[in-house]
2 protein chains.
Amino acid sequence: MRLTTKGRFAVTAMIDLALRDEGGPVTLAAISERQGISLSYLEQLFGKLRRHSIVESVRGPGGGYTMARTLETVTVADIIAAVDEPLDATMCGGKEDCHETGRVGGGLQEGTPKGQCMTHDLWATLNKKMHEYLESVTLAQLVRQQRDRMAASQAAQQAGAPAVQNVIVDHRKPGVRGTPAIA
Amino acid sequence: MRLTTKGRFAVTAMIDLALRDEGGPVTLAAISERQGISLSYLEQLFGKLRRHSIVESVRGPGGGYTMARTLETVTVADIIAAVDEPLDATMCGGKEDCHETGRVGGGLQEGTPKGQCMTHDLWATLNKKMHEYLESVTLAQLVRQQRDRMAASQAAQQAGAPAVQNVIVDHRKPGVRGTPAIA
DNA sequence: GATATACTTGAGTCAATTAGTCGGGCTTGC
DNA sequence: GCAAGCCCGACTAATTGACTCAAGTATATC
C-alpha cells in the first residue's frame, strides 16, 4: 500500500464530492476551487476513480461527477487503491528471494540462510494491518465527521468570531514551480 | 513514519548482527557479504544506529559492532526511526494550515475544529497504528523466528530431502510467529 | 611505533518517482 | 453550433531515495 499525497488529494476530493453529491453532479472546477487542487490534476485523479467505479461522470453542460455507490460502501482503501495503482508495500515483491533481484555487485554468498527474506513476514503483516485500517474507514464516516466539524465551527462563529469562508488548504510544499498556491 | 528500503535494510542487517552478536563484534564487511548490502551503505546505516544507541562500535582490528541493548528492548520501530529520521506520515506536514491540536489521544473528532485538513485525523490514526505495530515487534522475536527457520531448513536437508541448493522456501505461512496481536 | 584493520564522516552522483502541466479531443444541453 | 464540462495521453521539473567515494580517525598487535 503506497501512501502518497496523491492518495490524500483523492480522499480529500472525495469527501468534498460526497458532501454535496445530493445537489446533482459536482464539477471538478468547483472542487478545484474549494480544495485548492489543480483542475488538471483532479481530472487525472477522477479518471482513475471513474474507471474503478467509485464515481460516475455526467458529460456536457450541467455535468460533473456523482458517487457511483453509497458512501457506506466506499472505503479509504478503495480510493487509494484506485489512484495509486500498484498495491503491494511489502517491498520484496511478494516473493521470497527479496534480496537478489536488482542488487548490484553480485548476489548473496554461500553458507547463509538465503532464498528468503528474513523480514518478509514483518512487512507483509504491517501491510495487512494498514490495509485493514484503511478498509475500516468509510467515506460515510469521514463525511459525518466533517459535517460535525462544520457545524461546530459555525457555532463558534455565531459566538462572535469573524467568518472564514472557502477555507483552502495548500498541500504543496514551498518551492514548487507553476502558479503560486492560491491566496 | 516513513517506510523505505533503507529501513528494511537496517532491520535485515540488525537481525544478522543479532544472530551472531554473542561471538564478539561483528564487522560490517561480514554483514555486507552475507546480506548483499554494500559496505558503504551499511556504514551510513550503522552510523545512525550507533548515534541512536542501538548498537555500539569497537574500533581497531577485531572490532566491529555489537548490540548496545538487549534484543528484547529493541523494536522495529526503533530501528526505522533511527535510520529514516523523523518525519511523520500524516503528510499534512506541521507547517501547513493544518492546525494540529497537539494530538496525542488520537481519538477522532476532537474539539475545536479548525475546518482545515479534513483528513488529518485519518492519517494521524493510521500513523499511530503503524507505529504501534512496529513497536510491538522486537528484535528478539525476529531472531527467534529466523533461528526457527534455519533449524527447519537444516532438518529438512538432513531428512533426506534432495538438497536443492539453498533455495528453501518456507511453505508454512502461519503469519508472523511470536508477534503479539495488537488490538 | 609501524602497520593493518575497521569504524567515521560528509559530500557527491545518479536514476526513479512524484506531482504536477499542457493541449487538444469528445459529448451533450441549450 | 457553441460552450460547458469531461477525457486522455504526452511531457517535465523537482525531489528524493539509493548508493558511492574519498579522506579521515582510533586501536590492537607485533
Side-chain angles (χ1 to χ4, degrees), chain A residues 2-10 12-13 17 24-33 35-51 55-66 68 80 83-86 89 91 99 101-106 170-182, chain B residues 2-10 12-13 17 24-33 35-52 55-66 68 80 83-85 87 89 91 93:
Chain A
R2 236 146 48 127
L3 291 176
T4 66
T5 65
K6 187 187 265 188
R8 206 162 93 78
F9 276 138
T12 302
L17 169 62
V26 180
T27 71
L28 292 190
I31 297 179
S32 166
E33 250 188 40
Q35 305 300 333
I37 306 171
S38 97
L39 180 58
S40 316
Y41 204 30
L42 279 177
E43 284 175 349
Q44 191 177 300
L45 263 35
F46 274 76
K48 289 179 176 177
L49 291 170
R50 185 178 52 85
R51 263 165 262 139
V55 299
E56 272 167 4
S57 66
V58 180
R59 298 176 136 209
Y65 283 93
T66 49
I80 291 181
V83 298
D84 267 338
E85 307 295 358
M91 290 159 160
H99 258 169
T101 52
R103 277 271 79 64
V104 196
D170 181 12
H171 295 260
R172 297 191 274 185
K173 296 182 187 171
V176 280
R177 72 224 157 79
T179 28
I182 37 79
Chain B
R2 229 150 44 134
L3 292 177
T4 67
T5 66
K6 187 185 266 186
R8 197 161 84 80
F9 278 138
T12 301
L17 170 62
V26 179
T27 70
L28 292 191
I31 298 179
S32 165
E33 258 191 30
Q35 305 300 331
I37 306 172
S38 97
L39 179 59
S40 312
Y41 203 30
L42 278 176
E43 285 171 349
Q44 190 178 302
L45 261 34
F46 274 76
K48 289 180 177 176
L49 291 170
R50 187 182 53 85
R51 262 166 262 137
H52 284 256
V55 298
E56 272 167 5
S57 66
V58 180
R59 295 176 142 213
Y65 283 93
T66 50
I80 291 181
V83 298
D84 266 339
E85 305 302 350
L87 223 115
M91 288 160 158

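All heavy atoms count here, side chains included; hydrogens, waters and symmetry mates do not. Lettering of chains follows the sequences in order, A, B, ..., and the numbering in each one begins at 1. Source: prediction; values computed, not measured.
Between the side chain of Thr5(B) and the main chain of Arg8(B), no donor-acceptor pair closer than 3.5 Å is present. Remark: the backbone N or O of Ile37(A) is paired with a side-chain donor or acceptor of Ser32(A) at under 3.5 angstrom.
For the pair Phe46(B) and Ile31(B), the minimum side-chain heavy-atom distance is below 4.5 Å.
Protein atom CZ of Arg50(A) is 5 Å distant from nucleotide atom P of dC8(D), rounded to whole Å. Atom-to-atom, CG of Leu45(B) to C1' of dA18(D) comes out at 11 Å; the value is rounded to the nearest Å. When rounded to the nearest whole Å, the span between CG of Leu42(B) and P of dT9(C) equals 16 Å. Here dG5(D) presents its P atom at 13 Å from CD1 of Ile31(A), a figure rounded to the nearest Å. In this structure, Leu3(A) places its CG atom 14 Å from P of dG17(D), rounding to the nearest Å. At whole-Å resolution of the value, CD1 in Ile37(B) and C1' in dC19(D) are 12 Å apart. Summarising the geometry, the separation between NZ on Lys6(A) and C1' on dG20(C) is reported as 9 Å, rounded to the nearest angstrom. To the nearest angstrom, P of dC7(C) lies 8 Å from CG of Leu39(B).
Residue Tyr41(B) has its side chain nearest to dC19(D) when only dC19(D), dC6(D), dA19(C) are considered. Listed nucleotides dT28(C), dT9(C), dA19(C) differ in distance to Arg59(A); the shortest reach to its side chain belongs to dT28(C). In this structure, of dA18(D), dC6(D), dT9(C), it is dA18(D) that holds the atom nearest to the side chain of Thr4(B). The side chain of Ser38(B) has dT20(D) as its nearest neighbour among dT21(C), dA6(C), dT20(D). With dG29(C), dT8(C), dG5(D) as the candidates, the nucleotide lying closest to the side chain of Pro61(A) is dG29(C).
The shortest non-hydrogen separation linking Val83(A) to Lys48(A) is O-NZ, 3.4 Å.
Among the atoms of the strands shown, only primed sugar atoms or phosphate atoms (P, OP1, OP2) are found under 4.0 Å from some heavy atom of Tyr65(B).
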Scan nucleotides 10-17 of chain C against the protein and return all N/O pairs shorter than 3.5 Å with their distances rounded to 0.1 Å.
none

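Each of Leu28(B) and Gly62(A) lies near DNA chain C, and the nucleotide nearest Leu28(B) is the one positioned closer to the 5' end.
If you take CD on Gln44(B) and NZ on Lys6(B), they are separated by 5.0 Å, rounding to the nearest 0.5 Å. For the atom pair Tyr65(A) OH and Arg50(A) CZ, the distance stands at 6.0 Å (nearest 0.5 Å).
Between Thr27(A) and dC6(D), a side-chain N or O to OP1/OP2 separation shorter than 4.0 Å is absent.
Under the side chain to side chain contact (heavy atoms under 4.5 Å, CB included) test applied with Val55(B), the options Leu17(B), Thr66(B), Leu45(B) reduce to a single match, Leu17(B).
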